[in-house]
Amino acid sequence: MSGQASRRDVLGGLLVAFSFAPAALAQTGGGEGSGGPPTVAPDLPGTLAKFPDLDAWIRIAPDGRVTVFTGKVELGTGVKTAMAQLVADELDVAIERVDLITADTSLTPNEGVTAGSQTLEQSGTAVANAAANVRLLLAETAAGRWGVAATSLFTRDGAVLDGQGRRATYAELAASTSLAVRARADVPRKRLAARRLIGRPVPRVDLPAKLTGLPSYVHDMVLPGMVHARVLRGPSSGTRLTPDLAALRRQSGVAKVVQVGRFAAIVGPREWPLEQALRVANRGRWVRDAAVPALPPMPAGLLTMRRESQVIDTRRDDPAARGIRRLSARYDRPYLMHGAIGPSCAVALFEEGRLTVWTHSQGVEPLRQAIAELLAMPVDRIRCVHREGAGCYGHNGADDVAGDVALIARAMPGVPVRLQWSREQEHGWEPLGPAMLAQVDATLDASGRIVDWRHQVWSNTHSTRPTAAGDLLAGSEVVPPFTPTPPKPIPQPNGGGDRNAIPLYRFPNQTIVSHFLPDMPVRVSALRGLGAHLNIFALESFMDELAVAAGRDPVAFRLAHIDDPRAAAVIRRAADRFGWGRYRPASNRGRGFAFARYKNHGAYCAVALDVERIPDEGRLIVHRAVAAVDSGEAVNPDGIRNQVEGGIVQSLSWTAIEAAGHDGARRTDYDWSTYPILRFADAPRSVSVEVIDRPGTPFLGTGECAQGPTAAALGNALAAATGVRSRSMPLAAGSPTPV
Amino acid sequence: MIDLTVNGAAARVDVDPATPLLYVLRDDLHLHAAKFGCGLGQCGACTVLVDDRPVFSCLMPVGAIGTRKVTTVEGLGTAAKPGDVQRAFLHEQAAQCGYCIPGMMTRAEGLLRKTTTPTEYAMRTAMAPSLCRCGTHMRILRAVRRAAVMRGGGVVDAAEPVT
Amino acid sequence: MSRSGITRTVIWAAIALCVGIVVFAIIAYRPAIAAVTRPDPRLFDAALVARGANLARLGNCVSCHQAAGERPYAGGYPIKTPFGTVYGSNITPDPATGIGEWSPAAFNRAMREGVGRDGSHLYPAFPYTHYANVTDSDLGALYAFLMTRPAVRAVPPANTMIPPLGFRPLLAGWKLLFLRPQPMASDPRQSAAWNRGRYIGETLAHCTACHSPRGLLQQEKRGAEAYDGGWSGGWYAPPINARSPAVRAWTVDRLDAYFRTGLSTAHAAAAGPMGPVTYNLARAAPADVRALATYYAWQMREAPAARVEPPLPDRRASASQRHPVGARLYEGACAVCHEPGAAMMVAGRPVLPLGTPLHEDNPRDTIQIILQGLRPPVSARGPYMPAFADALDDRQVAEIVAYLQVRHGSGPAWKDLEKDVAKAREEGE
């Protein structure tokens with residue numbers, strides 16, 4: 001019915017505003033950020049395919065407030081705002097009347113892990129379509145009451161109207177509208193022209209509270225009778241501490257020492273005495289964990305490690321193509337920290353055989369599984385509730401601290417426990433982003449075109465996100481310890497270490513090889529962008545090297561090898577806005593360009609940089625960064641700009657100055673003086689991001705799209721500025737200071 | 001017992017005078033804006049004003065405050081009535097995860113109480129003790145520039161114009 | 001006296017004055033040296049430029065010839081002296097504002113005689129008293145290095161000297177008294193490294209500029225008082241001779257590591273004005289840095305710690321008893337990094353009593369480190385300490401210093417601490 005109705009021209013009403021949404025909004029899933037139950041309704045878009053019932057997503061209270069349930073979480077990227085926009089717009093309610101419940105194992109659909117820039121693709125698509133469904137159901141209820149056709153009605157500001165003076169609020173209608181029904185695939189979304197919020201830079205709904213000091217983070221939680229805890233560990237991953245527990249019990253302010261096997265924690269009513277006691281504990285002896293293999297010198301050591309190699313893509317479109325010039329280069333990056341500004345934190349309460357954990361984990365559902373195994377409790381007696389933390393940029397200590405607090409809380413029934421890691425624990429124990437190495441070989445023909453391309457990448461896994469007790473730090477400390485889940489590669493099209501190893505460019509012949517390294521001398525896991533950071537750095541640096549070899553302008557060279565019109569549009573837009581053609585190089589100053597489509601199915605992003613390297617200092621000044629991004633339908637363009645601006649600055653920090661320290665036996669960083677990150681003095685002079693909105697097209701994950709292009713643009717700009725190409729990150733720190 | 005003036009109001013707490021102010025603010029006075037980031041004076045997430053000067057509250061023994069006035073982000077304004085630094089940050093949407101932002105705002109407030117016409121370099125130097133990991137630096141700087149204008153001044157030789 | 005007698009006296013006095021002025025003018029006068037067209041940077045030999053780069057780093061030139069946040073060698077750094085503030089000049093090859101029009105002869109004269117190309121006398125804040133013995137070849141290398149820097153158009157702020165010292169010819173008088181170059185012959189009894197270290201340390205590196213006491217006219221004291229400790233930018237540069245107060249021997253290896261990394265694990269991190277020195281040494285030729293270490297380890301060979309390294313004092317109980325306020329402040333502000341069990345300590349960073357400041361005969365460095373903190377000296381990664389100037393008042397800093405000296409220090413108790421904190425704030429700004 002609605003399909004037909006939507007095509008009818010009814011007086012300025014409800015269904016006029018409808019148009020068919022672009023064909024299925026369902027996205028490619030799998031790998032990072034997927035998970036959850038199997039698909040049961042393949043015809044439905046986004047995560048609706050797994051949870052097709054509307055009331056799993058949207059409920060309307062008797063006062064007309066709309067509550068949205070999403071299994072995805074706010075990581076500081078603004079998705080709460082985007083989701084609220086989607087629902088408010090599709091449902092025709094004021095955004096102020098929309099509340100969001102994010103990942104709560106008792107309340108929200110199981111959407112696995114919030115990662116891989118898939119929140120809007122999966123959950124956003126689901127709630128938008130669910131909202132469209134709900135709106136139609138409400139209209140049908142009103143139609144039934146008034147004895148008219150739903151198609152003759154329209155909606156405005158939380159009410160259904162017939163245009164003749166009759167009006168029924170959603171609050172009234174909801175009471176007699178069951179949302180416990182399956183979503184229909186054929187309910188169209190709002191016509192583009194009728195959208196009020198989607199595509200607009202709606203201010204973030206969460207910022208007023210965060211900017212005025214209202215409790216907003218799990219760190220800020222206070223429960224009646226809550227106690228504080230600190231966990232006792234050696235100085236870094238790969239060590240074991242033997243604290244003097246008897247001395248700790250005598251320490252004032254320590255109410256209890258919780259010990260489970262080798263896991264130990266102290267608990268007390270106040271934080272400061274625990275901080276003091278932590279120093280007493282850390283005077284204890286620590287030893288290296290013999291189970292952890294030594295780390296060979298990096299990055300060459302990656303080539304010596306046991307590997308499982310797989311050709312992930314191969315093409316022989318033109319085996320006869322004759323090359324005249326072959327180039328090869330190797331690129332690498334060190335281990336990188338997530339480096340959340342707030343150390344990981346969690347709160348738990350064990351009461352009457354039930355455990356509730358408040359966590360800033362990206363995946364409350366798999367975390368629940370892991371904790372259930374750790375505590376040998378039935379899964380259904382555990383509830384994991386997401387509360388925001390400091391930005392995590394991937395799998396940091398969030399899950400581990402939740403496992404820790406679960407063990408502590410179980411030892412203290414009825415008492416809420418808040419556990420916060422110390423800065424040095426976060427630095428020493430969070431899983432790092434893996435060190436990586438890539439080798440690229442390519443052949444140019446006489447006309448300067450690439451006729452053959454070979455890309456190989458060596459990397460550990462990019463996800464050790466917990467699915468079982470052995471994946472949590474505490475799981476390795478209880479006795480007997482649990483075994484970690486064996487690492488495995490994330491398959492394409494998302495990929496892990498080989499994410500974005502397959503070029504989006506059209507080369508007649510190519511071979512892409514992923515060397516998966518199963519042994520992990522360093523605890524590693526997902527860091528924003530996964531392998532895309534290095535692979536795009538390698539690919540896009542090499543494109544510049546080839547352009548130089550072919551005597552072509554780097555932008556023109558890229559355009560000559562791309563046949564995706566949206567990619568070309570993004571490249572052109574960034575180059576235009578930057579003024580690529582008008583750029584005048586100066587001494588020690590150059591421009592750099594790079595492009596990628598994240599995962600080859602997410603957002604398109606091109607970055608152009610104007611960079612100066614101060615001779616004698618090696619200090620870099622990024623005079624200007626200009627980016628263009630195509631995220632498909634831009635729900636909130638300012639949110640996209642914010643993500644891309646942030647991605648550029650963060651990637652500059654990673655690429656230019658960061659490297660985790662390791663002495664071969666263990667990690668050596670413990671604070672911001674040992675692992676410095678970019679500060680204001682070295683932030684770019686200016687950054688501008690241009691959003692190319694594609695209304696009516698699927699959402700394309702954006703949160704990680706700038707990491708790779710920025711890295712390569714920096715390498716390319718530095719090569720232009722100095723005449724010397726750096727292929728090893730970090731590009732600025734520790735590099736010799738040529739005269 | 002230690003007497004404090006926090007955001008213009010008198011407060012009395014019963015804690016060890018060595019206790020860093022941060023824990024008193026968060027756990028005793030339930031003012032959650034100042035955040036624990038490192039406890040080492042390295043990241044600035046805990047920054048508050050003590051008599052107009054930005055200090056790391058994680059390293060500020062509460063007993064050392066004496067009669068000096070403590071200002072936290074709660075003292076700059078409320079969600080219903082945000083102060084001008086808060087309005088500037090909201091205008092620029094200068095936050096991603098937001099965890100570092102209270103420290104950024106108090107640090108900006110401290111700078112602007114000293115001068116409303118800092119140079120771009122002076123502004124960046126003043127903000128440098130605070131770390132942001134989301135890469136929100138550009139928006140934070142825009143917000144500080146905007147707040148300077150709102151205070152009747154403006155950043156000299158600004159790298160990006162206030163629009 | 002008769003009227004004619006008075007007249008005679010006046011006439012003679014006038015004549016004497018005129019003669020004096022003429023003589024002084026002759027002494028003070030230096031001709032301008034003709035401007036040259038800026039040499040084409042591409043014409044300098046790359047190896048010569050590289051050698052000059054190393055010498056510039058050993059000489060720490062950039063520290064005074066670069067303002068905060070500005071370009072290297074473009075000048076503008078304020079050097080505070082008791083007679084006023086002198087700003088480092090622009091020594092990039094910009095013809096208008098730098099030394100682009102300087103010939104090698106003009107450059108060499110400035111280095112050795114303290115005279116600008118235009119003939120004006122330079123303030124001895126530019127340590128030309130050290131450069132007389134720099135070899136022609138090294139001056140040539142330095143010239144080549146500076147002439148190949150990016151030219152930066154920048155005029156440093158005007159110096160603010162107390163009257164009449166703004167009148168530069170007066171400097172000729174100062175030079176008559178103190179610009180007395182002594183030839184430096186190599187000492188065959190010493191190693192090549194020692195001789196190299198002495199050459200660098202006594203000339204380009206001008207270590208005595210900070211580490212020797214100065215006389216009334218700010219001249220460096222020489223002879224027996226050389227390296228006896230001096231003052232720089234509100235910090236104390238401790239003795240680096242037999243009177244070195246360090247409690248651990250400054251061996252060649254330790255000094256070498258300290259110079260190259262800004263941190264000696266047997267002492268402490270380079271603080272205050274020594275930070276930039278290590279920043280530059282970290283980028284200099286390792287053999288030359290080692291040579292410097294060799295020479296200065298030799299200078300300190302008779303120091304107490306070179307003979308016996310004393311046990312490290314930790315009088316915690318008595319310190320808390322005598323300075324309970326300081327003890328509490330320390331617990332809340334300092335212990336998180338400096339007490340056993342703190343991450344920094346677990347990682348093997350030096351404990352407080354290893355640092356020399358607590359063993360110096362004045363509290364200034366301890367005070368300044370608390371007030372100003374510590375920036376990682378040689379790169380973004382490295383020892384860091386936050387500044388407490390805004391958090392603690394003078395009395396509170398004094399309490400902590402007093403507590404620390406009793407707990408970990410040596411020597412008689414420092415007096416008038418609170419006053420010195422105020423002075424340190426003023427001088428350190």
Side-chain angles (χ1 to χ4, degrees), chain B residues 2 15-24 36-68 70-71 103 106-107 110-111 113-114 118-131 156-157 159, chain C residues 66-71 74 76-77 154 157 320 323-339 341-347 349 369-376 380-400 403 421 425 429:
Chain B
I2 292 168
V15 295
D16 173 359
T19 308
L21 174 63
L22 175 66
Y23 299 105
V24 174
F36 179 88
C38 65
L40 307 166
Q42 296 180 348
C43 76
C46 68
T47 304
V48 301
L49 293 177
V50 175
D51 264 4
D52 301 341
R53 309 263 185 142
V55 305
F56 300 118
S57 66
C58 72
L59 295 180
M60 182 79 216
V62 67
I65 290 165
T67 57
R68 291 185 282 172
V70 177
T71 308
T106 45
R107 196 164 289 285
L111 169 68
R113 285 186 186 182
K114 210 161 104 186
T119 62
E120 174 83 16
Y121 176 74
M123 169 182 65
R124 289 181 182 232
T125 306
M127 298 304 291
S130 287
L131 290 175
V156 179
D157 65 30
Chain C
Q66 179 181 21
E70 301 296 335
R71 301 308 168 97
Y77 178 83
S320 299
H323 299 287
V325 174
R328 274 199 300 275
L329 290 167
Y330 171 90
E331 180 61 29
C334 318
V336 67
C337 291
H338 292 290
E339 276 297 285
M344 204 173 92
M345 295 295 105
V346 172
R349 286 275 173 85
I369 291 172
I370 295 172
L371 288 177
Q372 298 188 24
L374 197 63
R375 263 171 296 247
R381 181 179 304 233
Y384 166 91
M385 174 171 153
F388 285 88
D390 287 342
L392 303 173
D393 64 24
D394 293 356
R395 188 182 49 79
Q396 291 164 344
V397 174
E399 290 281 0
I400 293 177
Y403 168 81
V421 176
R425 280 188 201 268
E429 266 183 1

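Note on naming: letters A, B, ... go to the chains in the order of the sequence lines (proteins, then strands), and numbering restarts at 1 for each one. These numbers were taken from a predicted model, which means no experiment stands behind them.
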- Message: Working to the nearest 0.5 angstrom, can you tell me the gap between Met60(B) CE and Gln396(C) CD?
- Response: 6.0 Å
- Bottom line for Tyr330(C): the part with an atom under 4.5 Å from chain B's heavy atoms is neither
- Toward chain C, the part of Arg124(B) with a non-hydrogen atom under 4.5 Å: neither
- Message: Between Ala68(C) and chain B, with a heavy-atom cut-off of 4.5 Å, which part of the residue counts as in contact: side chain, backbone, both or neither?
- Response: both
- Message: Just checking Tyr384(C): does its OH atom have more than 12 heavy atoms from other residues, nucleotides or ligands closer to it than 6.0 angstrom?
- Response: yes
- Message: Suppose the criterion is salt bridge (charged side-chain N to carboxylate O under 4.0 Å, His left out): which pairs have a residue in residues 383-392 of chain C, not counting sequence neighbours?
- Response: Arg53(B)-Asp390(C)
- Query: Can you tell me how far CG of Leu59(B) sits from SG of Cys337(C), rounded to the nearest 0.5 angstrom?
  - Reply: 7.0 Å
- Query: With a cut-off of 6.0 Å (strictly less than), are more than 12 heavy atoms of other residues, nucleotides or ligands near CZ of Arg349(C)?
  - Reply: yes
- Query: Would you say Arg328(C)'s side chain and Ala64(B)'s backbone share a donor-acceptor pair under 3.5 angstrom?
  - Reply: no
